[in-house]
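Starting from 1, each residue takes its place in the sequence as its number.
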Amino acid sequence: MQIVLYDDNELRVNFYPLSLTRPVADLRVGILTIAEKWSKWLKLPVSYLTAEYLQTKYPLGLEEDVLLIKANICPDEALCEHVISLKHSEKLSDGKAFIAARSKITELQRLKESNFEDYKSVDYTRSITYINYPEDIFRINGYELRKDFDLLTEGRVSGTLSSTNTIIGDHIFVEEGASAECSTFNSLKGPIYLAKNSEIWEGCLIRGSFALGENSQVKMGAKIYSNVTVGPSSRVGGELNTCVIWGNSSKGHDGYFGSGVMGEWCNWGADTNNSNLKNNYKSVKLYHYGSKQYRNTGLQFCGLIMGDHSKCAINTAFNTGTVVGVGASIFGSTMPPTFIPDFSWGISENAEVYELNKMFETTELVFDRRNRKFDHVEKSILEEVFQITDKQRT
């Protein structure tokens, strides 16, 4: 049996720009991606049913027996019990929307198009944790981080940290090779998870909930508040609060990042900051790719959503509720607008299109720094994203 996590075009568009380069199920919320959560909960392999241009990198598995699950749902114990108990040709529904179905791989496309109308419906009456828009990722990150912490640490023994550190509370788990010196860890308000070979440099102040991914680093003097996830192979400094960095990204200098989501392969210049609260304290709006209008999030605190491969110059100041597309290079003498289209070179009246061949030259160097290969699969995804987002630029 395999898990297949699927998203349709409407769902993917709601998460643009983050889902332009990955399936919705590959979004990170808490410590793990949604796909990793389902795999660990059900102890089954995971594959994806998503946009055609993403399927080479995120393939659909070959196993015949399938548990098909909507990609924006975060699992818990009760939901997993209901999903795994489904019989063939049964679907799980909360009375309004499809949750999951037991099927065969050969039937997936037909069933997806017909919305499983011919399947027997099983009602699910308990609450479900959905993410529906990008801001939901940071909004529920603390809650999901706590769930993932319990899932990952059950039955395991933590490593220890150096005696040079100050440890407040005992809700901390240290993987093999993780290290920290002369820093303060406070887990009274939430757990702290340090993944394999991660590093906390001297003088850091860290308050849970917090997760640091494998091979990632927190630089000297950083202040980590709560509900923060830094994914694998990243480097961070300055102040972080209620935010998620997918991984392979750098915010290595002073500056504030709060109430936001940063994708993969991003880089912030020194002293870059984002605002997450409007001067008039009203709720924040975010640009929506599908409607080409600003959507009211209903949140008073909402900072920055940044797509993969985007970078900004030193001293960049992002306004409240800013959306940065994929592959943007942000520089200029004025404050960036609250929507920066994908593959922008510069901002405002001087903005140009970041030509793909030039963007690829930089991306190859970025991948080399982390011993990764920028191959034809990665290039083909970005070429497709460039075409999809053409209307946003014009």
Side-chain angles (χ1 to χ4, degrees), residues 5 18-19 21-40 46 48 57-58 74 137-138 141-142 144-149 151-153 156 158-159 161 172-180 183 185 191-201 204 206 208-219 222 224 227-238 240 242-253 257 260-268 306-311 326 363 365-375 377-378 381:
L5 296 165
L18 301 174
S19 57
T21 47
R22 59 173 47 83
V24 171
D26 192 50
L27 293 171
R28 188 179 306 281
V29 53
I31 302 173
L32 304 168
T33 67
I34 294 175
E36 290 169 341
K37 295 174 193 289
W38 280 106
S39 182
K40 289 187 177 295
V46 168
Y48 304 85
K57 184 177 178 180
Y58 301 91
C74 297
I137 294 173
F138 69 78
N141 192 56
E144 284 296 309
L145 202 156
R146 288 171 171 83
K147 282 170 52 183
D148 289 348
F149 182 92
L151 179 66
L152 290 170
T153 61
R156 301 173 63 202
S158 171
L161 291 178
I172 182 168
F173 195 92
V174 181
E175 293 270 11
E176 177 185 358
S179 63
S183 293
F185 298 87
I192 297 172
Y193 187 89
L194 306 181
K196 185 177 180 181
N197 297 328
S198 60
E199 296 179 57
I200 309 289
W201 296 5
C204 295
I206 296 176
S209 298
F210 172 64
L212 183 63
E214 186 171 335
N215 297 316
S216 287
Q217 300 167 337
V218 179
K219 294 180 70 176
I224 311 292
N227 308 322
V228 172
T229 295
V230 177
S233 300
S234 297
R235 178 176 287 185
V236 298
L240 284 83
T242 312
C243 59
V244 175
I245 298 174
W246 196 97
N248 292 309
S249 289
S250 296
K251 184 210 166 296
H253 304 281
F257 179 33
V261 183
M262 186 189 303
E264 194 174 12
W265 308 111
C266 297
N267 186 74
W268 276 27
M306 177 176 275
D308 289 2
H309 301 285
S310 286
K311 299 163 181 63
V326 172
T363 306
L365 298 174
V366 172
F367 273 56
D368 284 343
R369 290 187 65 192
R370 287 182 169 85
N371 298 313
R372 296 275 294 274
K373 180 69 174 176
F374 184 55
D375 58 19
V377 174
E378 299 286 350
I381 290 174

Would you say the side-chain atoms of K251 pair up with the backbone N or O of R235, donor to acceptor, closer than 3.5 Å? no
With rounding to the nearest 0.5 angstrom, report the CZ to CG distance, R146 to N141. 10.0 Å
Is any side-chain heavy atom of K219 closer than 4.5 Å to a side-chain heavy atom of S250? no
Determine yes or no for a side-chain-to-main-chain donor-acceptor pair under 3.5 angstrom, with R370 supplying the side chain and S233 the backbone. yes
Taking all non-hydrogen atoms of both residues into account, name the closest pair between R28 and T229 and its distance. CD-CG2, 3.8 Å
Quick one: CG on L212 to CD1 on I192, what's the gap to the nearest 0.5 Å? 11.0 Å
Determine the minimum heavy-atom distance between R22 and D26, stating which atoms define it. NE-OD2, 3.2 Å
So, do F374 and D368 sit near enough that their side-chain heavy atoms are less than 4.5 Å apart? no
Exercise: identify the closest heavy-atom pair between G231 and S216: O-OG, 2.6 Å
Residue R369 excluded, over 12 heavy atoms near CZ under 6.0 Å: no
Any idea which heavy atoms bring K37 and L32 closest together, and the distance? CE-O, 3.7 Å
Going from CH2 on W246 to CG on D308, what distance comes out if it is rounded to the nearest 0.5 angstrom? 8.5 Å
Side chain proximity check, L18 to I137, heavy atoms < 4.5 angstrom: yes
So, does N215 use its side chain to make a donor-acceptor pair with the main chain of P232 at under 3.5 Å? no
Starting at CG of L5, measure out to OG1 of T33 and round the result to the nearest 0.5 Å. 9.0 Å
Counting N and O atoms only, with roles assigned by atom type, does the side chain of S249 sit under 3.5 Å from a partner on the main chain of C266, one being a donor and the other an acceptor? yes
What I want to find out is whether E378 reaches K57 closely enough, with some N-O distance under 4.0 Å, to be called a salt bridge. yes
Heavy-atom closest pair, residues R372 and N248: NH1-ND2, 3.5 Å
With side chains defined as the heavy atoms from C-beta onward, is the minimum distance between I224 and V230 less than 4.5 Å? no
Side-chain heavy atoms of M262 within contact of C243, under 4.5 Å: no
Is the shortest heavy-atom distance from the side chain of I200 to the side chain of L161 under 4.5 Å? no
Should the ring pair F173 and F149 be called parallel, tilted or perpendicular, given that the plane angle runs from 0 to 90° and is split at 30 and 60? perpendicular
Main chain of W38, side chain of K40: is a donor-acceptor contact present, judged purely on distance under 3.5 Å? no
With heavy-atom distances below 4.5 Å as the criterion, would you say the side chains of Q217 and W201 are in contact? yes
Main-chain N/O of V174 paired to S158 side chain as donor or acceptor, under 3.5 Å: yes
Residue among F257, F210, F138 satisfying side chain to side chain contact (heavy atoms under 4.5 Å, CB included) with V228: F210
Side chains of P191 and Y193: does their closest heavy-atom pair fall under 4.5 Å? no
K311 side chain to W265 backbone, donor-acceptor under 3.5 Å: yes
Here the gap from L152 atom CG to L145 atom CG, rounded to the nearest 0.5 Å, amounts to 9.5 Å
Provide the closest heavy-atom pair for C74 versus V29 in the form atom of the first, atom of the second, distance. SG-CG1, 3.9 Å
What is the distance from atom CD of E199 to atom CG of L194, rounded to the nearest 0.5 Å? 11.0 Å
Strictly distance-based, threshold 3.5 Å: is any side-chain N or O of K196 a donor or acceptor partner for the main-chain N or O of S198? no
Candidate pair L240 and I245, rule side-chain contact (heavy atoms from CB on, under 4.5 Å), full reasoning: CA-CA 10 Å; L240 284 83; I245 298 174; 4.0 Å; yes
